[in-house]
Amino acid sequence: MKNDLHQTHVLVIGSGISGLTAALRLAEAGVDVTVLSKEEDPREGNTLYAQGGIVTLGPTDSQKLLTQDVLSAGDGVSYPPAVKKLVAEGTEIVKTLLLEKVKVPFTTDERGELLYAQEGNHSRRRILFSKDQTGRAIEEALYKKVSENPHVHFLKGAVAVDLITTNHHSTNPLRAYEKPQVLGAYALLRAQGKVIPLFSRATVLATGGLGRAFLHTTNPSCTRGDGYAMAYRAGAQILNMEYTQFHPTAFYSSHMEDHFLISEAVRGEGAVLKTQRGRAFMEDYSPLKDLAPRDVVSRAIYEEMLKNDDAYVLLDLSNLSVDPKERFPYIYKTCLENGVDITRSPIPVVPALHYSCGGVLVDLNGRTTLGRLYAVGEVACTGVHGANRLASTSLLEGLAWGWFAAGDILAKDRLDDDLPFHEIPLWKEPAILEATDPALIVQDGKLIRSTLWNYAGILRTTKRLQRAKADIEYLKHRIDHFYKSTPLEDSVLGLRNIVDTALLVINSALRNRVSRGSHTILTDQN
Ligand code: FAD
Ligand code: SIN
């Protein structure tokens, strides 16, 4: 089979750590891979902005200790077999792939020995880092390696619109009696404004998270929940969407909607959270104080802000064990650009949406409930993170499941099966087209983001969630009409995906009356 624009062995949708790892393993085995990236620069995505690091086993560590820490952060909802596999095999992949093959420039001491960082709820120093831009170091090294492989074809500025399934798209009505299979995706080529079908024998969904469904987030603009929404529309099982993780320390500025992250590693080196009046408050909430799990710290900050009617709390770096300029140069520079010199002043911080612990349900090899569809990275729910993710385990999970999914595709040896691609029609444009109105798109997007933040945020009640559901369902109705009658553009696709993803979060949160991890529902207020 030729690796041309329309047909490939494996289609990987997304080029963060998880998608690139899957692509690399497949390509090195001689399989043709097409990697789709929504942006012109395939490196753009959450991976590029990761700061703190990637977890592995530290010098005085053990698999047992790391497993315990992941499970304790997950608050009883993590799936033990997945955690066990992550710890046993994932840490090996860091060594063989990231250190030995791709040669990520992790920070070392003057003798060239790797250094390990500390973050919340970790019982050991065990996090590999590259100053405070670990994600960039990993993404650039991986992207370089993958780009050099002749079996990989990057399709840049190409947005997956919907997965192609035998039961939804085939012109043969009898396909409805078979187990649904995914045969690729329809993709919008942004520069041409044209939608094409991309056929594949296996499809790997690696589209990252959903931060932009919330008003305040640490995530970049491409995190619109595209993958969750596409998988849901295709009929895949989705799980744990109520467990949306809020990072405790995003930079606060009254004129900034985008929140720059202040890494948990800063608290790992001794920074302390204080109220604006200078009181260290974390000991009131956890014996682990500032290094408690993220859900505990975020709720504590939120409560202190409510109690004191403050718009933010302060992160005091005056007793740091390292030189902040040297250890956290990116944070130092960005704070300075925003008027805060972290060598002299505390940093104003607030919690912001950071990560989705739930997602498209997959097994230990990344297989979803649909035939030929895999999901890896943040979009997937492996069960590792349960109700709350342990710091710096997301990059590891993306790496590991990207690797496992590729291994499963290779082992299945189904890449030469005869598949009914000929039954799939070309993309049909709607008969009547109305002009897109950017004002409507922007306003609807803002409404969804502020609704989720205010009604499905850090503290939830049934009443707030019901209100959110009613408001978002009303919007969905209008957005669906909009989607069917305007020329396809990335912004329209984004809006359609954000509204579907928002409803997945709200409906999961409404169904779950038990507060655990990052889902807190106040029962006495309904
Ligand atoms: P991403 O890296 O987000 O990549 C998703 C890709 O999918 C992108 O290429 C995007 O363009 C593409 N895409 C999306 N939709 C479509 C579509 N419809 N069609 C085509 N392409 C599409 N985790 C840690 O473990 N350690 C850390 O230190 C850490 N720090 C973080 C700091 C910040 C500021 C943020 C935001 C996150 C951090 N995380 C960290 C979380 C971690 O970075 C992410 O969970 C992880 O990188 C996700 O990787 P991924 O491969 O799943 O997705
Ligand atoms: C951070 O550096 O605080 C982010 C780490 C993570 O999201 O795991």
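Read the numbers this way: they start at 1 and go in the same order the structure lists the ligands and their atoms.
Taking every heavy atom of Ala206 and a limit of under 4.0 angstrom, the matching atoms of ligand 1 come to 5 (C), 6 (C), 7 (O). Numbered from 1 in the order shown, with element, the atoms of ligand 1 that lie under 4.0 Å from a heavy atom of Tyr355 read 45 (O). For ligand 1 and Thr393, the ligand atoms under 4.0 Å from any heavy atom of the residue are 25 (O). Residue Ile13 approaches ligand 1 through these ligand atoms, each under 4.0 Å from one of its heavy atoms: 19 (N), 20 (C). Close approach of ligand 1 to Thr218 is summarised as follows: ligand atoms under 4.0 Å from at least one heavy atom of the residue are 34 (C), 36 (C). Below 4.0 Å from some heavy atom of Ala158 lie the following atoms of ligand 1, by number and element: 19 (N), 20 (C). Close contacts between ligand 1 and Ser18 involve ligand atoms 50 (P), 51 (O), 52 (O) [criterion: under 4.0 Å to a heavy atom]. Ligand 1 places these atoms under 4.0 Å from at least one heavy atom of Gly377: 52 (O).
The 12-atom threshold is exceeded at NZ of Lys85, counting heavy atoms of other residues, nucleotides or ligands nearer than 6.0 Å. Residue Tyr116 places its OH atom among more than 12 non-hydrogen atoms of other residues, nucleotides or ligands, all under 6.0 Å distant.
In this structure, the protein non-hydrogen atom closest to atom 2 (O) of ligand 2 is Ser263 OG, 2.7 Å. Closest to atom 8 (O) of ligand 2, if we only count protein heavy atoms, is Ser392 N, 2.6 Å. Annotation: atom 35 (C) of ligand 1 to nearest protein heavy atom, His354 CE1, 3.5 Å. Among all protein heavy atoms, the one lying closest to atom 7 (O) of ligand 2 is His354 NE2, 2.7 Å.
Proximity of the aromatic rings of Phe154 and Tyr143 is defined here by a centroid distance below 6.0 angstrom, and this criterion is met. For Phe260 and Tyr330, the ring centers sit closer than 6.0 Å to each other.
Considering backbone and side-chain atoms together, Ser37 places no N or O closer than 3.5 Å to any N or O of ligand 1. Close N/O approach between Gln51 and ligand 2 is not found [any backbone or side-chain N/O within under 3.5 Å]. Looking at ligand 1, you'll find an N or O of Gly52 within less than 3.5 Å of one of its N or O atoms. Polar contact check, Gly19 against ligand 1: no nitrogen or oxygen pair lies under 3.5 Å apart. Considering backbone and side-chain atoms alike, Leu395 places an N or O below 3.5 Å from some N or O of ligand 1.
A donor-acceptor pair shorter than 3.5 Å can be found between the side chains of Arg233 and Asn497. Under 3.5 Å, the side chains of Asp69 and Asn121 contain no donor-acceptor pair of N or O atoms. For the 3.5 Å distance criterion, the side chains of Thr382 and Glu397 qualify, holding a donor opposite an acceptor.
For Leu261, every heavy-atom contact with ligand 2 shorter than 4.0 Å involves the side chain, none the backbone. By the criterion of a heavy-atom distance under 4.0 Å, the side chain of Arg294, and not its backbone, is placed next to ligand 2. Here Thr207 has heavy atoms under 4.0 Å from ligand 1 in both its backbone and its side chain.
A heavy-atom separation below 4.0 Å is not found between Ser394 and ligand 2.
The shortest heavy-atom contact between Tyr228 and Gly359 is CE2-CA, 3.6 Å.
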